[in-house]
Amino acid sequence: MEKFTTLTSTIVPIPTRNIDTDQIIPARFLKATTRKGFGDNLFRDWRYDENNIPKPDFILNRPEIQGEILVAGKNFGCGSSREHAAWAIHDYGFRVVVSSFFADIFKNNALNNGLLPVQVTDAFLQKIFETHEKTPSMELLVDLPNQLIGIQGTSMQEKFDINAYKKHCLINGFDDIDFLLSQQDKIEAYEKNYINN
Amino acid sequence: MPGKTLFDKIWENHIVTSIENGPDVLYIDRHFIHEVTSPQAFAGLEQRGISVFRPAQTIATADHNVPTKDQHLPIREALSRFQVEKLTENCANYGINLYGLGHPFQGIVHVIGPELGITQPGMTIVCGDSHTSTHGAFGSIAFGIGTSEVEQVLATQCLLQNKPKKMKIEINGPLQKGVVAKDIILYIISKISASGGTGYFVEYAGSTIRSLSMEARMTICNMSIEMGARGGMIAPDETTFQYIKGRKFAPQGKDFEQAVAYWKTLPSDPDAEYDEALYFDASDIEPMITYGTNPGMGIKITGTVPEVSAIEQEERSSFQKSLEYMAIEPGARLLGKSVNYVFIGSCTNARIEDLRMVAQLVKGKKKAAHVNALIIPGSKQVEKQAKEEGIDQILAAAGFELRGPGCSACLGMNEDKVPKGEYCVSTSNRNFEGRQGPGARTFLVSPLTAAATAINGYISDVREMLEETVLV
Ligand code: SF4
């Protein structure tokens with residue numbers, strides 16, 4: 001897994017609430033058997049019309065708006081557990097998603113793919129959207145070791161929570177699977193005493 | 001020390017080891033896989049040069065991306081065919097039991113686990129699919145996982161998990177006539193919103209829940225994820241044991257008795273504590289329908305869509321966007337609205353009991369001419385039983401199309417899609433934008449409401465039809 005420590009970047013804001021994983025990547029694009037290439041269909045039906053023509057109003061189609069940080073409305077990533085949603089966001093080029101609330105499975109999926117979900121307060125999220133409205137060139141600083149997120153050029157910043165183990169994994173680029181594989185003895189010992197096998 | 005909940009007991013039983021200030025290593029008893037979320041996990045194993053640790057504990061089926069017509073023929077669409085073939089190949093290579101297309105046990109993963117007796121109380125069960133919560137109806141900890149986690153389970157039969165918070169949802173009292181499990185869960189979600197359960201594992205309790213069949217309990221646990229919860233569960237009882245008894249992979253004879261003795265120790269202790277407890281009165285529940293683009297946007301079928309003024313300030317733009325997508329006005333009544341599509345299927349409502357319910361209501365009637373009424377059974381076994389009971393004949397006579405099993409128009413991944421701009425009254429679990437096909441507009445309802453709507457050709461209150469029909 002890719003390592004993550006700090007990032008300063010312009011943002012792509014999508015203030016919609018309850019963005020579900022069917023919007024992030026519709027089911028009909030889940031037929032691939034590798035993890036690559038899902039970025040092309042990120043937000044497919046918001047991005048393209050039925051003739052595959054880009055919808056000019058949608059934010060990903062506005063060339064002046066670029067960035068490695070996606071900032072989205074509350075309850076991001078709800079619905080289907082498809083990890084393809086995290087792959088699509090990462091594949092498109094985002095490294096961080098900011099929202100005031102994440103669905104559980106999406107959060108896990110993101111963390112397992114080196115995509116950092118940063119949960120901020122509703123008020124701070126609002127501040128980001130407002131600042132971006134006025135100054136689209138605004139940048140966010142995300143500092144994982146110190147668990148800080150701030151709007152560059154202002155004093156506005158906030159601490160964010162992250163599970164200590166997950167933080168360690170991201171900073172060092174470790175996968176859960178590496179850890180689990182190292183626990184094989186304990187797993188086998190557990191199996192000897194268990195009844196549901 | 002307070003007592004333990006059902007959830008606590010099973011969780012603690014499955015901890016292999018705990019990381020300080022971190023997650024637990026949780027042992028997984030049963031792992032279901034399907035063609036869409038597993039190929040990248042197998043590719044990961046291959047890359048690492050490791051094998052499947054406990055292949056006998058993983059069960060595979062093809063459901064999400066299979067056609068529902070001509071299932072005996074090779075899949076026409078190349079990408080779908082490749083994905084299904086990849087599953088077959090992976091299962092063969094790693095020694096995993098596959099109930100693929102054409103197999104008598106094939107079906108939607110959350111329908112086949114219970115009907116084969118694989119799903120049992122006290123177990124931990126996972127699958128790369130969010131509706132894995134269905135299996136919680138048996139008193140197991142069951143939840144959906146991502147593909148990286150599928151790989152972890154394949155490699156180690158374990159997952160790293162943080163213990164979620166616990167919520168109890170208690171519903172008491174008798175249900176009104178015409179109100180079924182789907183209405184209960186749509187009602188709960190409409191009360192607590194599509195994110196009201198995030199971070200929690202839910203236990204459903206109370207006299208209403210206890211009175212439900214296993215199939216109805218599965219419908220309720222199935223949609224736990226639609227309130228954001230990690231999963232839902234119901235304590236095992238006589239209803240549970242009777243359902244499991246004699247099923248193909250259930251413990252038999254003496255083993256069964258021993259298992260029951262253990263299962264009886266699982267229900268939450270009377271003094272168990274929850275982080276949150278909610279109480280509902282069953283008499284307040286009516287047939288429900290959703291009007292928007294998340295499952296929390298539900299109303300009583302006789303009700304009206306909320307006015308903008310009734311919606312919290314910050315929610316308004318999402319609310320309006322949602323109504324725009326649905327082409328519905330605030331304050332509108334849905335009853336009487338004409339619809340061209342009715343879909344009865346999905347892991348929420350495609351078990352034999354659902355089909356029986358529909359058959360009883362439509363027997364001797366005919367669907368409205370303009371309605372396209374599709375019924376997709378949850379599994380091969382459900383299909384077989386429907387034929388044995390003559391349900392297929394009743395449905396055919398009423399003008400419903402009964403096809404082969406799969407996820408079908410629940411997620412619109414195969415060719416079963418609702419066309420752009422069309423309304424579909426659906427027994428599935430998600431009304432997201434484009435879920436049933438690009439531009440499709442979904443109303444979530446119970447199988448009874450769906451059947452009544454198909455007959456009348458417009459959104460209907462099933463209670464008005466019940467005078468003439470006797471329901472079990
Ligand atoms: S029926 Fe629908 S919700 Fe259920 S597993 Fe299939 S796609 Fe998912």
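Just so it is clear, the model here is predicted, and its values are computed rather than measured. Naming: A, B, ... by sequence-line order, numbering from 1 per chain. Values below: all heavy atoms of this structure, side chains included; hydrogens, waters and symmetry mates excluded.
- Among A:Leu181, A:Asp22, A:Thr21, the residue with the largest count of heavy-atom pairs under 4.5 Å with chain B is A:Asp22.
- In this structure the side chain of A:Ile187 reaches within 4.5 angstrom of the side chain of B:Phe53, judged on heavy atoms.
- At a 4.5 Å heavy-atom cutoff, the contact between A:Thr16 and chain B is made by backbone and side-chain atoms alike.
- In terms of heavy-atom pairs under 4.5 Å with chain B, the best-connected choice from A:Asp45, A:Asn108, A:Asp122 is A:Asn108.
- No other option in B:Gly439, B:Ala43, B:Ala155, B:Pro438 has as many heavy-atom pairs under 4.5 Å with chain A as B:Pro438.
- In this structure, CD on A:Gln23 lies 8.0 Å from CZ on B:Phe432, to the nearest 0.5 angstrom.
- Looking only at heavy-atom pairs under 4.5 Å with chain A, the residue among B:Pro164, B:Ser148, B:Ser318, B:Ser195 that has the most is B:Ser148.
- Side chains of B:His64 and B:Asn414: no donor on one and acceptor on the other come within 3.5 Å.
- Exactly one of A:Gln126, A:Gln152, A:Met138 qualifies for a side chain to side chain contact (heavy atoms under 4.5 Å, CB included) with A:Thr131. That residue is A:Met138.
- Crowding of B:Glu46 atom CD: a count of heavy atoms from other residues, nucleotides or ligands under 6.0 Å not exceeding 12.
- Ranking B:Glu20, B:Gln157, B:Lys420, B:Lys417 against chain A, the residue ahead of the rest is B:Lys420, based on heavy-atom pairs under 4.5 Å.
- When heavy atoms are compared at a cutoff of 4.5 Å, A:His84 approaches chain B solely by way of its side chain, counted from C-beta outward.
- For A:Asn163, the part sitting under 4.5 Å from any heavy atom of chain B is the side chain, from C-beta outward, and nothing else.
- Proximity to chain B is limited to the side chain of A:Asn18, based on heavy atoms less than 4.5 angstrom apart.
- Interface residue A:Phe101: only side-chain heavy atoms are found under 4.5 Å from chain B.
- Between B:Cys347 and B:His131 the shortest side-chain heavy-atom distance falls below 4.5 Å.
- In this structure, the portion of A:Phe102 lying under 4.5 Å from any heavy atom of chain B is its backbone and not its side chain.
- With a 4.5 Å cut-off on side-chain heavy atoms, A:Leu144 and A:Lys167 count as touching.
- With respect to A:Asp49 and A:Lys55, no salt bridge is recorded, no charged nitrogen being found less than 4.0 Å from a carboxylate O.
- Of the atoms belonging to A:Asn109, it is side-chain heavy atoms, and not backbone ones, that fall under 4.5 Å from chain B.
- Contact tally against chain B (heavy-atom pairs below 4.5 Å) for A:Cys78, A:Ala164, A:Pro15, A:Gly79: the top residue is A:Gly79.
- Side-chain atoms of B:Ser130 and B:Arg430 include a donor-acceptor pair closer than 3.5 Å.
- Heavy atoms of A:Asn113 lying under 4.5 Å from chain B belong exclusively to its side chain.
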